[in-house]
Amino acid sequence: MTPAVPKFFIQTFGCQMNEHDSFRMSEILKHCGFEATDCPSQADVILINTCSVRRNPQNKVFSLLGQLRRLKKSRPNLIIGVAGCVAQQEGENILRCERAVDMVFGPDHYFRLPEILERVRKGERVVLTNRTDDIYERVDNFIPDNWLEAGHVEGCKAYVVIMKGCNNFCAFCVVPHTRGREVCREPQNILREIKTAVEKGAKEVWLLGQNVNSYRAHGMTFYNLLDEVSQIDGLLRVRFTSSHPKDWDNTLSDLMAERPTICNQLHLPLQSGSNRILDLMNRRHTIEEYLEKIRYLKNRLHDIELSTDIIVGFPTETEEDFEATLRVLEEVRYSQVFSFKYSPRPNTRAAEMPDDIPQKVKEERLQRLIHLQEKINGEQIQSYIGTVQSVLIDGSHLRDSRIKNGRTEGYRPVKIRDAGLKVGDLVNVRITGFENHWLEGVLQ
Ligand code: 5AD
Ligand code: SF4
């Protein structure tokens with residue numbers, strides 16, 4: 001009888017960068033002879049890739065660890081690991097609080113998984129959270145050469161990290177503390193990974209980083225990189241996230257307008273529409289500067305779709321401050337707004353301020369904001385009916401495989417009833433209706 005292949009299960013919380021890291025970890029585990037499973041109770045290794053950007057996801061990690069402790073009682077050989085930002089932040093504490101955990105490692109260490117697993121098998125409980133944070137403006141090939149070709153391709157989309165970490169220290173944000181200072185990836189590595197992904201069938205690439213606009217390596221700026229990537233043969237679409245409004249430059253809007261491959265979509269986190277709050281948040285731009293950049297972009301690209309992040313209930317936020325945020329939503333008319341109630345995070349500057357907005361007020365502001373955005377989005381989605389959109393097919397409907405899913409250039413989801421379509425097809429679709437946030441259409 002052949003021995004059973006060991007299995008792993010990864011639970012991911014948080015942003016696209018974490019999704020990317022989980023993908024890389026699963027590739028490493030497969031390389032070590034493991035097989036993926038969707039069922040934690042069948043796994044020999046369980047990894048939780050954590051997010052600490054807000055309090056909620058962090059709490060979920062600890063309740064999940066409680067459940068896993070019970071699973072481990074019935075299966076003592078199970079290996080449990082905590083990766084990502086909570087791991088980086090809490091380190092040893094996790095081992096102390098949770099007997100069931102065998103390994104804790106920050107986002108800089110996942111390439112050492114084979115070695116970490118080996119040490120755990122020998123009986124060690126491993127913590128790897130060390131990092132040198134004192135060097136600014138670093139350029140590095142932070143994906144080892146032997147993993148370069150195993151890029152993150154899912155269906156027709158490739159996700160490529162161009163930089164990691166952040167030097168901005170927004171007052172509310174834990175990222176510079178968990179992911180460390182900015183490190184930009186060697187441009188040649190980035191371009192090679194994208195070209196390999198295209199050879200493997202990728203049609204769309206996402207350039208990922210905490211603050212992609214501050215990319216700089218050997219004199220190459222984000223503008224230069226985007227310029228090169230947008231001209232790679234065979235690549236149909238380019239997207240990138242996240243951008244910082246203070247670093248967004250109108251020349252980037254020009255490039256987006258000139259290059260058909262760069263999608264008409266931009267995520268530009270605002271956080272607040274009040275200059276006083278923006279200043280307290282250390283965002284280092286005014287609302288006037290933000291709106292000026294948006295107006296320029298809309299002027300260059302009439303069908304641009306914008307999305308943003310908003311925090312409600314930041315310390316000292318008044319009703320007037322909040323109303324200023326609502327006014328920006330009215331003016332910009334985003335396609336999507338990711339809104340959050342402020343929660344203090346360890347080591348951040350805002351954590352030293354009194355968290356003085358009552359939960360009830362935060363909740364009420366959040367609901368008002370969501371309500372306004374629903375109204376705006378409802379009007380926007382209506383205006384799509386009758387238009388023809390270019391749609392990249394990226395999957396099938398969960399319950400009916402005859403219905404295909406795709407995205408417009410502006411990143412709106414579309415359902416098309418046409419069984420003949422394949423993942424990676426770029427087609428023109430006439431929009432005939434919508435259901436919730438989904439557009440519906442027929443092939444043109
Ligand atoms: N409280 C609430 N929301 C936060 N975000 C980041 N830190 C906090 C916090 N302490 C939000 C911001 C950011 C998004 C990823 O999460 O809006 O852009
Ligand atoms: Fe956090 Fe600000 Fe950096 Fe974004 S730019 S990761 S919000 S510190």
Side-chain angles (χ1 to χ4, degrees), residues 12-21 50-60 84-86 88-89 107 133 136 161-184 208-216 222 240-248 266-274 277-285 290 306-317 321-322 325 328-329 334 336-357 359 361-363 365-366 369-370 373:
T12 309
F13 293 94
C15 63
Q16 262 176 331
M17 193 66 97
N18 259 18
E19 293 285 348
H20 172 85
D21 290 353
T50 60
C51 168
S52 65
V53 82
R54 290 176 299 278
R55 194 162 36 202
N56 246 346
Q58 178 157 347
N59 290 347
K60 278 190 207 150
C85 291
V86 178
Q88 182 65 38
Q89 190 177 285
D133 265 357
Y136 279 75
V161 176
I162 64 163
M163 53 89 66
K164 62 178 183 177
C166 183
N167 296 347
N168 284 319
F169 291 92
C170 298
F172 51 82
C173 187
V174 80
V175 166
H177 307 277
T178 57
R179 295 229 169 218
R181 294 306 83 74
E182 279 172 12
V183 184
C184 294
L208 303 180
Q210 252 78 39
N211 181 11
V212 290
N213 301 136
S214 61
Y215 180 86
R216 186 173 290 275
F222 181 61
F240 49 89
T241 196
S242 276
S243 294
H244 194 304
K246 78 173 166 52
D247 300 320
W248 183 262
L266 178 64
H267 183 66
L268 205 57
L270 172 65
Q271 315 297 0
S272 168
S274 150
I277 297 290
L278 285 175
D279 189 40
L280 279 179
M281 287 176 162
N282 192 32
R283 292 290 287 174
R284 289 182 279 166
H285 67 82
Y290 182 94
L306 295 149
S307 56
T308 199
D309 292 344
I310 302 281
I311 296 177
V312 298
F314 188 79
T316 77
E317 186 190 64
D321 293 321
F322 175 65
T325 304
V328 178
L329 260 62
Y334 298 102
Q336 229 180 339
V337 175
F338 301 90
S339 45
F340 312 101
K341 286 186 283 186
Y342 169 72
S343 59
R345 307 309 296 136
N347 306 319
T348 60
R349 225 182 293 168
E352 291 163 20
M353 308 172 190
D355 182 15
D356 58 349
I357 309 301
Q359 273 304 321
V361 176
K362 285 183 187 168
E363 185 56 44
R365 287 183 187 163
L366 187 73
L369 190 122
I370 291 172
Q373 178 53 26

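Nothing fancy with the numbering, it's 1 onward along the sequence. One-based numbering, in listed order, for ligands and for the atoms of each.
- Among all protein heavy atoms, the one lying closest to atom 5 (S) of ligand 2 is Asn168 ND2, 3.4 Å.
- Between His267 and Phe240, the ring center distance fails the sub-6.0 Å criterion.
- Using a 4.0 Å cut-off between heavy atoms, Phe169 contacts ligand 2 through its backbone alone, with no side-chain atom that close.
- Those atoms of ligand 1 that come under 4.0 Å of a heavy atom in Arg345, given as number and element, are 10 (N).
- In this structure, the protein non-hydrogen atom closest to atom 14 (C) of ligand 1 is Asp309 OD2, 3.5 Å.
- Between atom 6 (C) of ligand 1 and the options Phe172, Phe340, Tyr342, the minimum heavy-atom separation is to Phe172.
- Defined by atom type and a distance below 3.5 Å, a donor-acceptor pair is present between the side-chain atoms of Arg345 and Gln58.
- To the nearest 0.5 Å, atoms CD (Gln271) and SG (Cys173) are separated by 8.5 Å.
- The single protein non-hydrogen atom nearest to atom 8 (S) of ligand 2 is Cys170 N, 3.3 Å, given as residue, atom name and distance.
- Summary of contacts: the protein heavy atom closest to atom 12 (C) of ligand 1 is Gln271 OE1, 3.4 Å.
- Scanning the protein for heavy atoms near atom 5 (N) of ligand 1, the closest one is Ile311 CD1, 3.8 Å.
- The single protein non-hydrogen atom nearest to atom 16 (O) of ligand 1 is Arg54 NH1, 2.7 Å, given as residue, atom name and distance.
- Protein heavy atom in closest approach to atom 1 (Fe) of ligand 2: Cys173 SG, 2.3 Å.
- From the protein, the heavy atom lying nearest to atom 3 (Fe) of ligand 2 is Cys166 SG, 2.2 Å.
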Assess whether side-chain hydrogen bond (donor to acceptor under 3.5 Å, both in side chains) is satisfied between Glu182 and Ser214, documenting all intermediate values. CA-CA 9 Å; Glu182 279 172 12; Ser214 61; 2.9 Å; yes
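- Nearest-heavy-atom check against atom 10 (N) of ligand 1 across Cys15, Cys170, Pro269, Ser343 picks out Ser343.
- Counting the atoms of ligand 2 from 1 in the order shown, those under 4.0 Å from a heavy atom of His244 are 5 (S).
- For ligand 2, the atoms sitting less than 4.0 Å from at least one non-hydrogen atom of Phe172 are 7 (S), numbered in the order shown with element in parentheses.
- Side chain to side chain, Gln16 and Thr241 fail the donor-acceptor criterion of an N or O pair below 3.5 Å.
- Here the closest heavy-atom approach between residue Asn211 and residue Asp247 is recorded as ND2-OD2, 3.3 Å.
- To the nearest 0.5 Å, atoms OG (Ser339) and CD1 (Ile310) are separated by 8.0 Å.
- With Asn18 contributing its side chain and Thr50 its backbone, the two residues share a donor-acceptor pair below 3.5 Å.
- Looking at atom 8 (C) of ligand 1, its nearest protein heavy atom turns out to be Val53 O, 3.5 Å.
- Of all the atoms in ligand 2, the ones that sit under 4.0 Å from a non-hydrogen atom of Arg283 are 2 (Fe), 7 (S).
- Annotation: the span from Thr308 atom OG1 to Tyr334 atom OH amounts to 4.0 Å, rounded to 0.5 Å.
- Formation of a donor-acceptor pair under 3.5 Å by the Tyr342 side chain with backbone atoms of Phe172 is not found in this model.
- In this structure, Arg179 falls outside the shell of residues with a heavy atom less than 4.0 angstrom from ligand 2.
- At the shortest separation from atom 2 (C) of ligand 1 among protein heavy atoms lies Lys341 O, 3.3 Å.
- When heavy-atom distances to ligand 2 are checked against a 4.0 Å cut-off, Asn211 has no atom that comes that close, whether in backbone or side chain.
- Classified by interplanar angle (parallel below 30°, tilted 30° to 60°, perpendicular above 60°), the ring pair His244/His285 is perpendicular.
- Only side-chain heavy atoms of Pro176 come within less than 4.0 Å of ligand 2; its backbone N, CA, C and O stay farther off.
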Assess whether salt bridge (Lys or Arg N to Asp or Glu O under 4.0 Å) is satisfied between Lys362 and Asp355, documenting all intermediate values. CA-CA 11 Å; Lys362 285 183 187 168; Asp355 182 15; 2.9 Å; yes
